[in-house]
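Keep in mind that this is a model prediction, so the values were computed, not measured.
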Amino acid sequence: DAGVIQSPRHEVTEMGQEVTLRCKPISGHDYLFWYRQTMMRGLELLIYFNNNVPIDDSGMPEDRFSAKMPNASFSTLKIQPSEPRDSAVYFCASKRNSGNTIYFGEGSWLTVV
Amino acid sequence: QQQVKQSPQSLIVQKGGISIINCAYENTAFDYFPWYQQFPGKGPALLIAIRPDVSEKKEGRFTISFNKSAKQFSLHIMDSQPGDSATYFCAAGLSGGGADGLTFGKGTHLIIQP
């Protein structure tokens, strides 16, 4: 398995710009999660999908954040407009319906200046 | 989300020593307690996990101790090595492929000094 693939790995953008983070989950996995990691708050669950359907987006901090999963092999997390406080590492992760283990990608390091 | 409280935030241990990280959870319905290990520049990866029907699980130098009545569990790393230097996250959730993602602790930054 190739693992969970995220892009870009690093992004530096100016405040107010739109940011789109991309994720390809492990083939055959039914759940997809977006997490955000910061020093202050640790790992926070933003949103998760089951079979491409958003199940719980209560962790999405503001309306500036949106996520989509148009098919089983692709998801995006969009921030529009971006703000400096959005600077963090964003992780995509996936798992099977029948499994407990969550597999993480290597993360997208976002810096908003 | 239900909280999972993890301590300490950072830990320095001499090579060969025992590293101990503690976690406490709130939701008594949780029945799956994994520990994830994260190296710099990488995503977290499952290290070891326990269910509440046992009080201890050991895999090599890594041991989880679980206290159901206290709603606490801990990770012990025996004979700690510099290669164990990483951030460790405890987590809690529902087993059996439940719908929810895991609730993670805030992490412990572990440094093993040679």
Next item on the list: Check whether any side-chain heavy atom of A:I102 lies under 4.5 Å from a side-chain heavy atom of B:Y36, and answer yes or no.
Entry: yes
Check: Is there side-chain contact between B:K106 and A:M40, with at least one heavy-atom pair below 4.5 Å?
Finding: no
Item checked: Contacts of residues 85-94 of chain A with chain B (heavy atom under 4.5 Å) -> A:F91
Item checked: Reported NZ-to-CG distance for the pair A:K95 and B:L46, which is rounded to 0.5 angstrom -> 12.5 Å
Check: Quick one: what part of B:Q38 sits under 4.5 Å from any heavy atom of chain A, side chain, backbone, both or neither?
Finding: side chain
Next item on the list: List in chain and number order the residues that pass side-chain contact (heavy atoms from CB on, under 4.5 Å) with B:T63, two or more places apart in sequence or in another chain; answer none if no residue qualifies.
Entry: B:E56, B:K58, B:S65, B:H76
Notebook entry, point to check: Under a single-linkage definition using a 4.5 Å side-chain heavy-atom cutoff for Ile, Leu, Val, Met, Phe, Trp and Tyr, are A:I5 and A:L21 assigned to the same hydrophobic cluster?
Noted result: no
Note to self: Can you tell me how far apart CD (A:E44) and OG1 (B:T103) are? Round to the nearest 0.5 Å.
What the structure shows: 12.0 Å
Next item on the list: Taking atom CD of B:Q9 as the centre, report whether more than 12 heavy atoms of other residues, nucleotides or ligands fall under 6.0 Å from it.
Entry: no
Item checked: Exceeds 12 heavy-atom contacts within 6.0 angstrom, atom CG of A:D63 -> no
Next item on the list: Consider only side-chain heavy atoms of I, L, V, M, F, W and Y, link residues closer than 4.5 Å, and tell whether B:F62 and B:I20 are in one cluster.
Entry: no
Checklist line | For A:A72, side-chain contact (heavy atoms from CB on, under 4.5 Å) partners two or more places apart | finding: A:N52
Next item on the list: Scan residues 5-19 of chain A for pairs that pass side chain to side chain donor-acceptor pair (under 3.5 Å), counting only residues two or more places apart or in two chains.
Entry: A:R9-A:E106
Notebook entry, point to check: Can you find a pair of side-chain heavy atoms, one from A:N100 and one from B:P34, that are under 4.5 Å apart?
Noted result: no
Margin query: For residues A:V113 and A:L110: do they belong to one hydrophobic cluster (side chain heavy atoms under 4.5 Å, members Ile, Leu, Val, Met, Phe, Trp, Tyr)?
Written below: no
Margin query: Could you check whether atom OH of A:Y103 has more than 12 heavy atoms from other residues, nucleotides or ligands sitting under 6.0 Å from it?
Written below: no
